[in-house]
Amino acid sequence: FFIEWINKTLKEEHIVVKSLEEDLYDGLVLHHLLENLGSLKLDVDKIALTEKKQRQKLSVILEAVAKCLQLEESQLKWSVESILAKDLLSTLHLLVAIAKHFEPTLALPPNVQVEIIIIETTSRGLKTSNAVEYITENKENIEVQSKEDAFDELFSCAPDKLDDVKKALLQFVDQHVGKLGLNVKDIKSQFSDGVILLLLIGQLEGYFLNLRNFFLTPASTMEMV
């Protein structure tokens with residue numbers, strides 16, 4: 001799927017990929033792919049012949065990907081070293097992330113999973129364990145997510161149920177901010193200054209918001225903003 005997608009995307013540049021491991025590790029194809037999909041101008045050489053240059057090029061490319069996708073280092077399922085080492089699993093994770101971000105309508109095959117062997121060094125020697133790793137989204141998770149989007153569907157398809165939704169949301173808000181001695185009766189007016197919203201977030205996430213950081217009783221539009 002990815003080989004066909006890359007070749008189709010880079011057809012005008014006469015780039016042909018035959019193997020994800022062998023053709024993507026040096027950064028050349030990834031460079032062209034990102035420039036084509038995201039119009040990213042990366043400050044790296046088009047061709048990197050030495051391993052040092054390839055590592056440097058991959059570092060710039062992967063840094064740009066992480067920035068575009070707004071991912072922290074701990075969230076990355078790939079690295080410069082793993083891509084350079086032609087690690088197929090890392091390469092697939094990277095391509096899935098790029099495809100989902102730049103072409104979200106792309107019909108990625110769901111439930112693609114592999115069994116991986118985890119090897120750990122312990123005082124008694126090597127310890128191995130098996131695990132299943134998903135490369136593309138678990139279909140069950142997608143179905144759960146679609147159920148969670150029921151509110152969006154309700155607003156667009158069943159406006160007559162809007163009052164029921166409002167009542168349910170008011171009960172939900174009241175249940176949490178009521179602990180602070182507050183009572184919410186109207187979503188539009190009482191949420192417009194941001195105070196109830198901030199206090200609700202604090203209650204849901206279990207932390208105290210410093211009252212110096214915002215106006216508890218805003219008197220102007222500027223204070224609300």
Side-chain angles (χ1 to χ4, degrees), residues 1-122 125-139 141-142 145:
F1 180 91
F2 274 123
I3 287 172
E4 287 179 5
W5 174 62
I6 292 169
N7 287 338
K8 184 181 175 183
T9 305
L10 301 180
K11 187 178 180 180
E12 291 184 7
E13 297 182 48
H14 307 292
I15 290 176
V16 178
V17 170
K18 294 181 179 179
S19 162
L20 296 181
E21 302 100 301
E22 295 297 330
D23 295 338
L24 267 69
Y25 80 95
D26 62 358
L28 174 67
V29 174
L30 288 172
H31 186 181
H32 281 272
L33 192 62
L34 287 172
E35 283 195 338
N36 189 289
L37 292 171
S39 301
L40 297 177
K41 295 298 177 187
L42 303 173
D43 188 20
V44 288
D45 296 332
K46 286 286 183 185
I47 299 174
L49 297 175
T50 65
E51 187 177 321
K52 183 181 177 182
K53 288 280 187 182
Q54 288 166 356
R55 184 177 278 104
Q56 184 182 359
K57 181 170 183 167
L58 278 171
S59 180
V60 172
I61 290 170
L62 297 186
E63 194 176 320
V65 170
K67 191 174 180 181
C68 279
L69 274 54
Q70 297 183 333
L71 295 173
E72 299 291 332
E73 195 171 342
S74 59
Q75 296 174 287
L76 302 179
K77 294 181 179 179
W78 58 83
S79 66
V80 171
E81 296 305 321
S82 64
I83 300 296
L84 200 58
K86 304 179 184 180
D87 183 279
L88 180 59
L89 196 58
S90 294
T91 304
L92 285 171
H93 278 308
L94 174 61
L95 289 174
V96 168
I98 290 172
K100 281 173 67 178
H101 179 77
F102 291 108
E103 289 201 9
T105 57
L106 203 64
L108 289 172
N111 293 336
V112 179
Q113 62 186 56
V114 291
E115 188 175 329
I116 59 172
I117 301 170
I118 301 164
I119 303 172
E120 292 179 87
T121 305
T122 66
L126 294 178
K127 178 186 174 185
T128 62
S129 59
N130 290 11
V132 171
E133 186 164 339
Y134 278 91
I135 296 170
T136 60
E137 283 183 304
N138 183 343
K139 199 173 182 182
N141 290 346
I142 295 172
Q145 191 177 351

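Start at 1 with the first residue, then count along the sequence. Because the structure is a prediction, the values reported are computed rather than measured. Only this structure's heavy atoms are used, side chains among them; waters, hydrogens and symmetry mates stay out.
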(request) Kindly compute the distance separating CG (Leu30) from OG1 (Thr91), expressed to the nearest 0.5 Å. (result) 8.0 Å
(message) Working note: Tyr134 + Val114, criterion side-chain contact (heavy atoms from CB on, under 4.5 Å); need CA distance, chi angles, decisive distance, verdict.
(response) CA-CA 7 Å; Tyr134 278 91; Val114 291; over 6 Å; no
(message) Pairing donors with acceptors under 3.5 angstrom, does anything connect the side chains of Asp26 and Gln54?
(response) no
(request) Quick one: pull up CG in Leu106 and CH2 in Trp5 and give me the separation to the nearest 0.5 Å. (result) 6.5 Å
(request) Working to the nearest 0.5 Å, report the span between CD of Gln70 and NE2 of His101. (result) 8.0 Å
(request) With rounding to the nearest 0.5 Å, note down the distance linking CD in Glu13 to CG in Asn36. (result) 5.5 Å
(message) Within the 4.5 Å heavy-atom criterion, are Phe2 and Leu108 side-chain neighbours or not?
(response) yes
(request) For Ile117, look at atom CD1 and say whether over 12 heavy atoms of other residues, nucleotides or ligands are found less than 6.0 Å away. (result) no
(message) Working to the nearest 0.5 angstrom, can you tell me the gap between Asp87 CG and Ser79 OG?
(response) 8.0 Å
(message) So Phe102 and Leu34, do their side chains get closer than 4.5 Å, heavy atoms only?
(response) yes
(request) For residues Leu94 and Leu62, determine if any side-chain heavy atom of one lies less than 4.5 Å from a side-chain heavy atom of the other. (result) yes
(request) Please check if the side chain of Asn7 supplies one atom and the backbone of Ile3 the other of a donor-acceptor pair under 3.5 Å. (result) yes
(request) For side-chain contact (heavy atoms from CB on, under 4.5 Å), just list the numbers for Ile83 and Leu24, CA-CA rounded to whole Å, side-chain angles, deciding distance to a tenth of an Å, and then say yes or no. (result) CA-CA 8 Å; Ile83 300 296; Leu24 267 69; 5.6 Å; no
(request) Output, in order, the C-alpha distance, side-chain angles, deciding distance and verdict of side-chain contact (heavy atoms from CB on, under 4.5 Å) for Thr128 and Ile118. (result) CA-CA 5 Å; Thr128 62; Ile118 301 164; over 6 Å; no
(request) Could you tell me whether a side-chain N or O of Ser59 sits under 3.5 Å from a main-chain N or O of Arg55, the two making a donor and an acceptor? (result) no
(message) If the test is side-chain contact (heavy atoms from CB on, under 4.5 Å), which one of Ile61, Val60, Leu58 qualifies with Val80?
(response) Leu58
(message) Just checking Lys86: does its NZ atom have more than 12 heavy atoms from other residues, nucleotides or ligands closer to it than 6.0 angstrom?
(response) yes
(request) Test Glu133 against Lys77 for salt bridge (charged side-chain N to carboxylate O under 4.0 Å, His left out), laying out the working first. (result) CA-CA 11 Å; Glu133 186 164 339; Lys77 294 181 179 179; 5.4 Å; no
(request) Please examine the side chains of Ile116 and Asn130, heavy atoms only from C-beta on, and report whether any two atoms are closer than 4.5 Å. (result) no
(message) Donor-acceptor check, side chain of Asp23 to backbone of Val17, threshold 3.5 angstrom: yes or no?
(response) no
(request) Kindly check if the number of other-residue, nucleotide or ligand heavy atoms within 6.0 Å of CD (Glu103) is above 12? (result) yes
(request) Indicate yes or no: does Lys8 engage Glu4 in a salt bridge with an N to O separation below 4.0 Å. (result) no
(message) As an exercise, state the distance from CD of Glu81 to OG of Ser90, rounded to the nearest 0.5 Å.
(response) 11.0 Å
(message) Between Ser82 (side chain only) and Trp78 (backbone N and O only), is there a donor and an acceptor less than 3.5 Å apart?
(response) no
(message) Tell me if a side-chain donor or acceptor on Thr136 pairs with a main-chain N or O of Pro109 at a distance below 3.5 Å.
(response) yes
(request) Indicate yes or no: at least one non-hydrogen side-chain atom of Lys57 is less than 4.5 angstrom from one of Leu28. (result) yes
(request) Apply the test side-chain contact (heavy atoms from CB on, under 4.5 Å) to residues Leu20 and Leu88: give CA-CA distance (whole Å), side-chain angles for both, the deciding distance (0.1 Å), then the verdict. (result) CA-CA 7 Å; Leu20 296 181; Leu88 180 59; 4.2 Å; yes
